[in-house]
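A quick note: this is a predicted structure, and the numbers were derived from the prediction, not measured. The chains referred to below are lettered A, B, ... by the order of the sequence lines, with proteins before strands, and numbering in each begins at 1.
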Amino acid sequence: MGDRYSDGVSSLGPQTMETLRKAKILVVGAGGIGCEVLKNLVLLGCERIVTVDLDTIDVSNLNRQLLFRREHVGQAKAVVAREVVARLNPRACVEAHHANIKDSKFSVSWFGEFEVAANALDNVDARRHVNRMCLAAGVPLVEAGTTGYLGQVFVIKKGETACYECFPKPSRVAYPICTIRSTPDKPVHCVVWAKELFKLMFGGGGESMLYEDAAVEKSAYAGLAAEAAATRSPAIIARLLVALFETDVAKQIEAGTYKTAKTTPKPLVGLRVGTPPSRAASDWDRREWTVEECAGELSLSIQDARINEFDKDDPAAMSFVAAAANLRCANFGIERQTLYAAKGIAGNIIPAIATTNAVVAGLQVSEIVKVLTSQKPSYTYCLRDPTRKGYLLQPTALDEPQPGCYACRSGSVTVALNTETTKLETFVKKFVVGNLNFVKPALDLGESGIYDEEDDRLSENLGSSLSDLPAGGIKDGAIVKATDFSTDLDLTIVVKHLPDLDDQQYPEGFRILSDQQGPSEPKKRSLRSDDDDDVGKKAPEVEEEEDDVEILEEPPPTKKRPKDDDVVLLLEEPPPTKKPRL
Amino acid sequence: MATKNKYDRQLRLWGAEGQAALSAAHVLLIGAGPTGTEALKNLVLPGVGEFTVVDGERVGESDVASSFFARECDIGRPRAVVACELLLELNPDVRGQSRVVSPEELFRSEPEYAGSFALVIGAQLDPLSLQTVGEACWKRSVPLVVARTCGLVGSVRLQLRRHEVVESKPENTTWDLRVGDPFQTLEELGRECAGMWESWSSFERGRVPYAVILAAVAERFRRERGVLPETARDKADFRHRITQLGGDLENVQEACENCYRVWTSSSSLESLEVRLSHQDASDVTPLVKVLRGIAKFGRIPIAGPIPDMHADTSQFVALQRAYARAANADAKAVRELVPSEVPDDYVNYVCRHLRDVRIVATRSLADELESPDLEDAADALAESDDPTKLAQTPVLWYVALRAADRFLLKRKRWPSTDPLDVKDLVADLQALSAGKLPWTPDTWDHHAIELARFQNAELHAVASVIAAVAAQEAVKLIAHMYLPINHTFFFNAINASAATFEI
Ligand SMILES: [Zn+2]
């Protein structure tokens, strides 16, 4: 095999090297972690690699995704990544697909051709899909994720170890940073922007996403924002509002920011600072404010806001965010939100870092080697603080598959909703597809089919309420059999009728009662090591994350700990006082 | 949009100050193999200001096989030049140059060379070069990050003679409330609260921030007893007094939970003794100048920020402002006591973070080589009871690697799997461990043979993990934020474990 593999042969042995060369390996995602994994695999001597990525290269990727250069911006990540890594080893055959991994061409049998798959993804949705495809095809999956300075790597093998969906996770959505800063198209983008503005003015600005604009780009509002926060003078605040919602927007349009965008924003010319919505009216926070009212509310809240982290329970801070978000919505022609709704949207942002990606990618490749050589895989955490014995990377035993898991065991899920008002279409789109991640769902009630994406005869049912459906309707206690032809998944859905579901708390119109049979409290995976070194030590809640701003849909229960502060370095000196053994 | 978004993610982590420090730094990389170039890559991508690569070797087959920064077409060219060219492609904002010279030779003839860098990364250095480089960096107090990959294991070692960290960012914020030792406004608020409490309705009582309640009760306690609570009994008594104010009120409950702040929130300089002892340092840095000013000032300046408290908004805002004003006044007073060449912003910065200021040092490489300290490592291992896991313990691997280096130094070659070499290696291992580490005859042989098989190779997947850790430490050191490791990090890819220890 020549010199190229001699290092690998001496460290890993000739047999392992031969296995690595021949194995067909799938890498889903060619972003931050994916670039590193692909590079590592090729340099390790793997010769048959396939990568799939939907994204194109963005400028914001360049500062950590080492395979991409400025001239690659706009090109497909998977394709460029293949070109670059293939050059590292002429013998390596790297195949790239610029496509969505959920596309039907990546069928169960397509997955079945791989000896091992690695997830290097940036969203829960795709991970759940790959998890199910690998389970269906019987392909071991090495899952990895990072959050800030934390990370974890684990192996999923059907029937042997827990799958990605065995333990419920908080659902999250990611938004690209430039969407927040320049091209919002949803209310949530404006809410996140308003929170960053609040942080810039009252939360120690340096960490605000808008800070760089303010400091370097000399945006129209930078100086005024600082001055308004310092003086709280209504006259200065009025000038700040003009700068934020008129001048700066006009400046951006002039700079050509929106040349290629779908819509161009509208500067709010002649914005009048009106009277803030009167608190006397009981619906003041549940009705949509006018633009003038928003300006008045924002002015008032800037006068009242206290210097602190944003806290949705702090009235002035929340008014600030709701009013500022709505004015930005007005700029971009986005539907305005009530304060109540804005409060529901306001979440937390978690950053990520490149070095953690590199560590995790290295560990992921180690696990791939173990899987391919039939060694016992492990679950490795990159910890925030060292354990009592100084461990920062802690290997632990993998969990067993959870009996109630509907992805890897035939489990069931119980959902509560109003069966009389919920239409079948909503049930399918929001719940079966949106929440359960089914790609091609078909639903049976008893012996009757009630929905099948590919059966036109059943499409007339879509407009009916659940309780009015044929075969007796979906009423309280009904059992619906759901099948996903795309991922070979069967699932039992138990439906409970709940006429008075709080639509503020459950805006989607349903509430999941339990994902699993048995204990209804979601079980959190806790870190266990065999010598009980760290019983009770919290495992990092790790989700993927590449370039995007990640919003926790449900804010963490501890309101006083800002999530951003949770980010610490992976490697820190052990604390001076050693924890007593538990 | 282009440059605007580029450093967004780093800014969100280490802030504008950290980014400014990074882009002002000139870093030296010694050793342009896979480990070194991967480490530098992790600094070039996020925008280090400038780098220099020193390496005397030429690109060979094994570089091409295991490095991203050496191509087939580069075989025969100097590694330093090739690495520099390819690394510069990653980020047009970064400047870089190379020197084709063996590190050992360079540092022997120009020992002052290290002095011109913010930080030195030594990657995959042979034991002799490492000694020379280590000594040069130590003499000039330049932080050194040593990165090393050997087959399936690897290490990162920091050598810091004296390193200042202003923002150590501890896991839990220690709030500076001064409730047991109040400044004037807080004292007044406390007195007012004490005077009015009896006449207040439950609603009015519930509006007072807990810091004011604690200040009020502490003041009365001191008046009655002459001192603040010291004994457990006093503390229980104090807590009882708080509870009696109305255990159903949320702010009173908070006061009760935060009682300990009364006896821990001191303004006395004694609690900063360790840091202030550095005012005598021979290297008079701006930080040392500010610490001297604070020593003259006579007490700890108030930090300013306070935690969220259950209270009426206007009362809380007023209290927040009072703390901010007191902090400004203190910082101003300290400013007057610090030489004028130190900028105002820096004085404020130090005053604000004084509790988080740390000045750290590690042993020198030479010192460690001379007299390795295995006591702590041995203690930790003694508690472990699973012999199968013991074998993979990072410390044992580290000692084994050191033994292999010793072999290399003596014999000018890496040990082979030949029984004679293995026997020699085991002998070195035994000598190094000095009976303190729980080796078994099996593990001696096993580790010696494994190391011999590794042939000191830089396996890319392992090198990239080591490099990421080295780069992360470099960022911490350059930014003077977060505590660096003390002093060795060891990664064992065989079971994916890693640990830090001090030897
Ligand atoms: Zn499962």
Subject >> Greatest number of heavy atom pairs closer than 4.5 Å to chain A - which of B:Q455, B:R71, B:K41 >> reply: B:K41

Original post:
For the residue pair B:L152 and A:S11, what are the closest heavy atoms and their distance?
Top reply: CD1-O, 4.2 Å

**OP:** Using non-hydrogen atoms and a 4.5 Å limit, figure out which bit of A:V37 sits close to chain B: side chain, backbone, both or neither.
**Re:** neither

Original post:
Do you know which of A:D7, A:L41, A:N40 makes side-chain contact (heavy atoms from CB on, under 4.5 Å) with B:H460?
Top reply: A:N40

Original post:
Mind checking what makes side chain to side chain contact (heavy atoms under 4.5 Å, CB included) contact with A:A92, not counting sequence neighbours?
Top reply: A:V42, A:N89, A:V94

Subject >> Contact class of B:F491 relative to chain A, heavy atoms under 4.5 angstrom >> reply: side chain

**OP:** Return the minimal non-hydrogen interatomic distance between A:G362 and B:S464, and the atom names on each side.
**Re:** CA-OG, 4.4 Å

Subject >> Proximity breakdown for B:I466 and chain A, heavy-atom pairs closer than 4.5 Å >> reply: neither

Subject >> Max heavy-atom pair count under 4.5 Å with chain B, selected residue of A:V365, A:V369, A:L44, A:L66 >> reply: A:L66

Subject >> 4.5 Å side-chain heavy-atom contact, A:S6 and B:E61 >> reply: no

Subject >> All salt bridge (Lys or Arg N to Asp or Glu O under 4.0 Å) counterparts of A:R69, not counting sequence neighbours >> reply: B:E89

**OP:** Measure distances from B:T417 to the heavy atoms of chain A and classify the residue's part below 4.5 Å as side chain, backbone, both or neither.
**Re:** neither

Subject >> Heavy-atom closest contact (B:A471 atom, A:T355 atom, distance) >> reply: CB-CG2, 4.1 Å

Subject >> Heavy-atom contact with chain B under 4.5 Å, split by part of A:S10 >> reply: both

Original post:
Where on A:E36 is there a heavy atom nearer than 4.5 Å to chain B: the side chain, the backbone, both, or neither?
Top reply: side chain

**OP:** Step through the shown structure and confirm whether more than 12 heavy atoms of other residues, nucleotides or ligands are within 6.0 Å of CZ on B:R321.
**Re:** no

Original post:
What is the distance from atom CD of B:E38 to atom CG of A:L43, rounded to the nearest 0.5 Å?
Top reply: 8.0 Å

